[in-house]
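Before any comments, here is the structure.
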Amino acid sequence: MKKTLRNFYIALIFLFLYAPIVTLIVLSFNASRSRAKWGGFTLKWYQSMFRNDAILQALSNTLLIAFLSALAATVIGTVACLSMQAMKRRHRAVIMGITNIPMLNADIVTGISLMLLFITLGLRFGFMTILLSHITFNIPYVILSVMPRMRQLNPSLYEAALDLGASHMQAFFKVVFPDILPGVLSGFLMAFTMSLDDFIITHFTKGPGVDTLSTKIYTEVKKGIKPEMYALSTLIFVTVLILLFLVNRPSAVKKETQTS
Amino acid sequence: MNKKTLAFPYVFWAAAFIVIPLCMVFYYGMTDKTGAFTLSNIITIATAEHSKALLLSLELSFVSTVICFILAYPLAMMLTNMHVSTHSFIVLIFILPMWMNFLLRTLAWQTLLEKTGVINNVLAFLHLPALDIINTPGAIILGMVYNFLPFMVLPIYNALCKIDGNVINAARDLGANGIQTFLRITLPLSLPGIISGITMVFIPALTTFVISTLLGGSKILLIGNVIEQEFTQTGNWHLGSGLSIVLMIFIIVNMVVEAVFDREGEGNKL
């Protein structure tokens, strides 16, 4: 009885979380252009999507920014974690405090603060400003996911590698890196996801003519979303779902999804 | 290669893109167009129009945070009691929706909530009264709860997972009943998770302008909408920055509270 109740509750929450997603998937097959009416099953939006240059351009911007910003954030963040090991406690606390700012601060404040910075520097708003902003808000996710791994590491191992004649680079890549790799990978994935899903910061740091999927959708809200957008989102979602399924299937789920 | 020199790239980055931009918000917020010092941008929060927006934001985000907590705590407990091997699976299930665009997901609620929408059709089928909340504060609360619920569930879930089962068993052995064990062991031990959950729901809910735009029609203005308009439409950055400073006061209070409860500095964030 208790178990039934429990499962019922969990099912309800998942219904709540996934109902909009199911709705979007259904809408992508809706022949009617209206969101409110079911006009029969169609695949035409999937076909016209691939001919819609504006959507494809937004998609490539989104993916490119997500990939580049996650990559840059992973490198900068991992190096930062490495250096913080050697720091005094107090200095480390200050840097971690600053690292937490973008996570705790409201996106809108982060967005406008970067906007003001770019205006003052006289940068042209566009791809570059979005990329810089995304790297900025992605670094904390990487640091918070690599740092715990780094702390578990035994520092003697690194020193032992040096004693045995490894260079600093070798010691890092052969001894330290394999151990922190799960943290680095989940930091990268987290950063990629966050960048992909961001709208607010992009909204304030983008320039005219450059759109990511999010900002494109936002400008379409008032005129009505093009059904191609539903088709594209469905495609992305299903792709990720399949990828995750494939990754998690072979062995027991071992990948440590980052949570702390 | 000195390990300390490795810190330069990030320290430089953090200074240039985190600290300096924040200082600029303060600079703009406390000056007028001629660059002279003034507090008038901040004080405009007291005008009827702005204080109404702020109060509504506070009210809606408070209600959403409470609802998120009430929904999330039992859920996190149930998930904790399930198999340990499903840990990453559970986290995944909450992260997965993020791969569907946040704006579209929120927009989908319009379709679900509309007068002739999916939910009302189901309700009519069950002979229940129709739900008429689209374009009301109720819809905004729903949107907030929907978008931020995972940020409440995951920290609490993590905190609960960390609790040593032996501690619970010890309490039971020593004669505590279920409720006592919960109130005196489980709840206090999960407090760091609760605090960071509250922060991670309250701050984005307080400052959102997207959810109110998408689900509240265009009539309901939250403080986030006011600031956004100052920056993208009116172009009065000084006023927008001044109002952001007011927002930051709430954020800072929240940060201090969290710092007090979470001295480790590791956090239970996502």
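So you know, we letter chains A, B, ... as the sequences are listed, proteins then strands, and number each from 1.
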Decide yes or no for [X] and [Y]: does some side-chain heavy atom of the first lie under 4.5 Å from some side-chain heavy atom of the second?
X         : Y         : answer
Val210(B) : Ile200(A) : yes
Phe237(A) : Leu96(B)  : yes
Val109(A) : Met248(B) : yes
Pro21(B)  : Leu116(A) : no

For the interface with chain B, which of [options] has the highest count of heavy-atom pairs at distances below 4.5 Å?
options                                  : answer
Asp198(A), Ile135(A), Thr62(A), Val22(A) : Ile135(A)
Thr110(A), Thr99(A), Asp107(A)           : Thr99(A)
Leu196(A), Ile236(A), Ile112(A)          : Ile112(A)
Ile76(A), Val240(A), Val79(A)            : Val240(A)
Ile225(A), Asn105(A), Leu213(A)          : Asn105(A)
Thr234(A), Asp197(A), Ile10(A)           : Asp197(A)

Measuring heavy-atom distances to chain B, does [X] have an atom under 4.5 Å in its side chain, in its backbone, in both, or in neither?
X         : answer
Leu12(A)  : neither
Phe192(A) : side chain
Leu232(A) : neither
Ile13(A)  : side chain
Thr239(A) : neither
Ile119(A) : side chain
His203(A) : side chain
Ala93(A)  : neither
Phe118(A) : side chain
Thr23(A)  : side chain

Could you check Ile139(A), Ile101(A), Leu117(A) and say which one makes a side chain to side chain contact (heavy atoms under 4.5 Å, CB included) with Ile18(B)?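 Running side chain to side chain contact (heavy atoms under 4.5 Å, CB included) over Ile139(A), Ile101(A), Leu117(A) with Ile18(B) returns exactly one hit, Ile101(A).
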Could you check which of [options] has the highest count of heavy-atom pairs closer than 4.5 Å to chain A?
options                                  : result
Leu247(B), Ile20(B), Leu107(B)           : Leu107(B)
Ile93(B), Val19(B), Val25(B)             : Ile93(B)
Phe250(B), Trp237(B), Phe26(B)           : Trp237(B)
Ile252(B), Thr207(B), Ile245(B)          : Thr207(B)
Ile203(B), Leu112(B), Leu104(B)          : Leu104(B)
Cys23(B), Gly224(B), Gly240(B), Pro97(B) : Pro97(B)

Would Leu24(A) and Met100(B) count as a side chain to side chain contact (heavy atoms under 4.5 Å, CB included) here? Give the steps. CA-CA 9 Å; Leu24(A) 291 170; Met100(B) 200 82 160; 3.6 Å; yes
Please classify the contact of [X] with chain A as side chain, backbone, both or neither, using a heavy-atom distance under 4.5 Å.
X         : value
Ala15(B)  : neither
Trp99(B)  : both
Ile251(B) : side chain
Val153(B) : neither
Thr111(B) : both
Thr208(B) : neither
Leu206(B) : neither

* Asked: Any sub-3.5 Å donor-acceptor pair from Tyr9(A)'s side-chain atoms to Pro74(B)'s backbone N or O?
  ->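 Not confirmed, Tyr9(A) side chain does not pair with Pro74(B) backbone.
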Would Phe17(B) and Phe137(A) count as a close aromatic pair, with their ring centres under 6.0 Å?
->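 No - the distance between ring centres of Phe17(B) and Phe137(A) does not fall below the 6.0 Å cut-off.
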Discussion item. Could you check whether Asn101(B) and Ser214(A), counting side-chain N and O atoms only, form a donor-acceptor pair closer than 3.5 Å?
Written reply: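 Present: a donor and an acceptor within the cut-off.
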Does Phe12(B) CZ have over 12 foreign heavy atoms under 6.0 Å away?
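Atom CZ in Phe12(B) is not packed in, count stays at 12 or less.
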Could you check whether atom OH of Tyr18(A) has more than 12 heavy atoms from other residues, nucleotides or ligands sitting under 6.0 Å from it?
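It does: Tyr18(A) OH has more than 12 such atoms within range.
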message = Parallel, tilted or perpendicular: which one describes the rings of Phe16(A) and Tyr146(B), with boundaries at 30° and 60°?
response =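 It falls in the perpendicular class, over 60°.
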Ring geometry between Phe209(B) and Tyr218(A) (parallel below 30°, tilted from 30 to 60°, perpendicular above 60°)
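Aromatic pair Tyr218(A)/Phe209(B) classed perpendicular.
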**Q.** CA sep, side-chain torsions, deciding dist, call: Val221(A), Leu214(B), side chain to side chain contact (heavy atoms under 4.5 Å, CB included)
**A.** CA-CA 8 Å; Val221(A) 165; Leu214(B) 296 183; 3.7 Å; yes
Could you walk me through whether Leu92(B) and Leu244(A) satisfy the side chain to side chain contact (heavy atoms under 4.5 Å, CB included) test, starting with their C-alpha distance in whole Å, then the side-chain angles of each, then the deciding distance to 0.1 Å, before giving a yes or no?
CA-CA 9 Å; Leu92(B) 248 173; Leu244(A) 287 175; 3.4 Å; yes
For a side chain to side chain contact (heavy atoms under 4.5 Å, CB included) check, start with the C-alpha distance between Ile95(A) and Tyr10(B), then their side-chain angles and the critical distance, and finish with the verdict. CA-CA 9 Å; Ile95(A) 294 190; Tyr10(B) 179 59; 3.6 Å; yes
* If every non-hydrogen atom of Pro20(A) is compared with every non-hydrogen atom of Ala108(B), which pair is closest and at what distance? ->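 Looking at all heavy atoms of both residues, the closest pair is O-CB, 3.5 Å.
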message: Give me the atom names and distance for the closest heavy-atom approach of Ala14(B) to Ile98(A).
response: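 Closest heavy-atom pair between Ala14(B) and Ile98(A): CB-CG2, 3.9 Å.
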